[in-house]
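As the structure is a prediction and not an experimental result, all values here were calculated from the model. Just so we're on the same page: letters track the sequence lines, and every chain starts at 1.
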2 protein chains.
Amino acid sequence: MTKSPPRTRIQVRNRAAILEAALEVFAARGFRGATLDRIAQAAGLSKPNLLYYFRSKEALHLAILEDLLELWLAPLREMDADGEPREQILGYVRRKLEMSRDHPRESRLFANEILQGAPRARPVLEGELKVLVDEKAAVIAAWSESGRIGPVDPYHLIFSIWALTQHYADFEVQVRAIMGKTDPYPGAEAWLDHLFGAALGISHKTT
Amino acid sequence: MTKSPPRTRIQVRNRAAILEAALEVFAARGFRGATLDRIAQAAGLSKPNLLYYFRSKEALHLAILEDLLELWLAPLREMDADGEPREQILGYVRRKLEMSRDHPRESRLFANEILQGAPRARPVLEGELKVLVDEKAAVIAAWSESGRIGPVDPYHLIFSIWALTQHYADFEVQVRAIMGKTDPYPGAEAWLDHLFGAALGISHKTT
DNA sequence: GTCTATATGATGATAGAC
DNA sequence: GTCTATCATCATATAGAC
């Protein structure tokens, strides 16, 4: 799946420039909306030269997805079964929110891909992602059953964390349309801490 | 912005068929990924005939956005300043989740548009949407200040509701990759009820 | 109002010189 | 390895007959 490794410094630099440019363009316009022309221009190369490094638009997109995967799954991987449950879950929320703040393009690229049915990423979702989520869901379920956190549905809890944190990157335009120039992240962090903190309690008020 | 009203029954039927087909295709593939060929085929018309009803792809997309707007904002509009606060907010969550379940294509069409910077919907976001959100945020803030619900950030609360409910429509492929054939909506409803119920409490456990 | 045929432009990819 | 020139395809939109 990966190309033969680059040998010269120029190749390393060009390859990196292409991946950076492609991330920018794919994130902003989706797979179909992105053009090789635009990516090549952003990378400072000619279109045929770009295609010398990646044999097709499809191959370029795939290379990015693969590069991104570990970065993307890292925050969940760090959740430690032996840690303090509440701290582990709230820590995951914080790391994931930081990921949205520091890597919004990566978030939007994934969002574009999944929104359109994950034509290229589906194997990853059903393979590596599902395995990881099943594993961490089991950890959370054990915490819940032992009473160290309140009763929660681990899968929906994880979906919630994804949805809430990624929202600030993926729907940034909408957030800004409503909040103006105010940086949403400080408020978001406090709110998510409150929201998940309350939900993880042993019990909660019902009225 | 809107075309002259259709006059005959055939026109009404064709126009509706086009909008239905276009919703399907735009939602699944985004603006650039959708082709007039595919929309025309899905609507059972020739491409030039489609362009007789809508002068351009752009105009067709705009017509859909406008048609969708009221449907989309209705659940929030229904939130009643004179109702019982907790019930009003949880009711909004439920209606919005039903909207995702019953209208996933509409959700994905909006998501595509916003994800790519809202090139066509931006005026709506900064206009009608912002006005409505500001109004309802003030209502929630008043509830919070009077102590009828706990201290909440009204804007982030509303973002949370959008993010969580729309996630099940927009990222359906990912949810299914992890949950398999299980219908996620019953579990989602219970979880969101728990999550927001806990967060709206007067206070919550901090450890 | 609806169709066939076609103009026009964009885009992914290749050929071949240097 | 990198470029200019070009091909083949596809997509939006229009012309014009019926």
Side-chain angles (χ1 to χ4, degrees), chain A residues 2-65 109 112-113 116 119-120, chain B residues 2-65 109 112-113 116 119-120:
Chain A
T2 334
K3 246 194 103 167
S4 56
R7 308 191 179 285
T8 75
R9 270 169 225 186
I10 290 182
Q11 279 180 326
V12 173
R13 200 174 54 74
N14 279 349
R15 209 185 135 88
I18 292 170
L19 288 171
E20 158 66 23
L23 171 61
E24 181 79 26
V25 178
F26 279 134
R29 312 169 74 95
F31 184 79
R32 285 290 307 270
T35 68
L36 293 182
D37 257 324
R38 194 176 284 259
I39 295 170
Q41 189 184 359
L45 296 171
S46 69
K47 192 163 48 166
N49 200 12
L50 186 162
L51 287 165
Y52 167 79
Y53 285 90
F54 297 90
R55 66 185 65 247
S56 70
K57 185 181 181 181
E58 191 87 23
L60 175 55
H61 192 268
L62 253 175
I64 293 185
L65 278 181
L109 189 142
N112 263 304
E113 170 70 10
Q116 295 183 14
R120 287 162 285 273
Chain B
T2 334
K3 246 193 101 164
S4 56
R7 308 192 179 283
T8 76
R9 272 171 222 185
I10 291 181
Q11 281 180 324
V12 173
R13 199 173 55 73
N14 279 349
R15 209 186 135 88
I18 292 170
L19 287 171
E20 157 67 23
L23 171 61
E24 181 79 25
V25 178
F26 280 133
R29 312 169 75 95
F31 184 79
R32 283 290 305 273
T35 69
L36 291 181
D37 254 324
R38 195 175 282 260
I39 295 170
Q41 188 182 2
L45 296 171
S46 69
K47 194 162 43 167
N49 200 10
L50 186 162
L51 286 165
Y52 168 78
Y53 285 90
F54 297 89
R55 65 186 66 244
S56 70
K57 186 183 181 179
E58 191 86 22
L60 175 55
H61 193 268
L62 252 175
I64 293 185
L65 278 180
L109 189 142
N112 263 304
E113 170 69 10
Q116 295 180 16
R120 287 162 285 274

Just the rounded figure in Å: distance from [atom2] of [N] to [atom1] of [X].
{"X": "Arg15(B)", "N": "dT2(C)", "atom1": "CZ", "atom2": "C1'", "answer": "18 Å"}
{"X": "Leu50(B)", "N": "dT4(C)", "atom1": "CG", "atom2": "P", "answer": "14 Å"}
{"X": "Phe54(A)", "N": "dG1(D)", "atom1": "CZ", "atom2": "C1'", "answer": "15 Å"}
{"X": "Glu58(B)", "N": "dA13(D)", "atom1": "CD", "atom2": "C1'", "answer": "14 Å"}
{"X": "Leu51(B)", "N": "dG1(C)", "atom1": "CG", "atom2": "P", "answer": "17 Å"}

Which pairs, protein N/O on one side and nucleotides 3-5 of chain D N/O on the other, fall under 3.5 Å?
| from | atom 1 | to | atom 2 | distance (Å) |
| --- | --- | --- | --- | --- |
| dC3(D) | OP2 | Ser46(A) | N | 3.4 |
| dC3(D) | OP2 | Ser46(A) | OG | 2.8 |
| dC3(D) | OP2 | Asn49(A) | ND2 | 3.2 |

Open item on the list: So, does Tyr53(A) get its side chain near the phosphate of dT2(D), meaning an N or O under 4.0 Å from OP1 or OP2?
Closed with: yes

TODO: Among dA13(C), dT2(D), dG1(C), find the nucleotide with the atom closest to the side chain of Ile10(A).
DONE: dT2(D)

Could you tell me which residues satisfy side-chain contact (heavy atoms from CB on, under 4.5 Å) with [X], sequence neighbours excluded, listed by chain and number?
{"X": "Ala22(A)", "result": "Phe26(A), Ile39(A), Leu60(A), Ile64(A)"}
{"X": "Gln11(A)", "result": "Pro6(A), Arg7(A), Thr8(A), Tyr52(A), Tyr53(A)"}
{"X": "Ala59(A)", "result": "Arg55(A), Ser56(A)"}

Open item on the list: So if I take residues 19-40 of chain A and measure heavy-atom distances to DNA chain D, which residues fall below 4.0 Å?
Closed with: none

Open item on the list: So which atom in Arg32(B) and which in Gly33(A) form the shortest heavy-atom distance, rounded to 0.1 Å?
Closed with: NH1-O, 3.4 Å

Task: Side-chain heavy-atom pair Phe54(A), Leu19(A) within 4.5 angstrom cut-off - done: yes

Open item on the list: I want to check something: taking the side chain as every heavy atom from C-beta on, are Asn112(A) and Arg29(A) in contact at a cut-off of under 4.5 Å?
Closed with: no

Task: Within 6.0 Å of CZ in Arg120(B), more than 12 heavy atoms from elsewhere - done: yes

Open item on the list: Going by salt bridge (charged side-chain N to carboxylate O under 4.0 Å, His left out), name the residues that satisfy it together with Lys57(B), two or more places apart in sequence or in a different chain.
Closed with: none

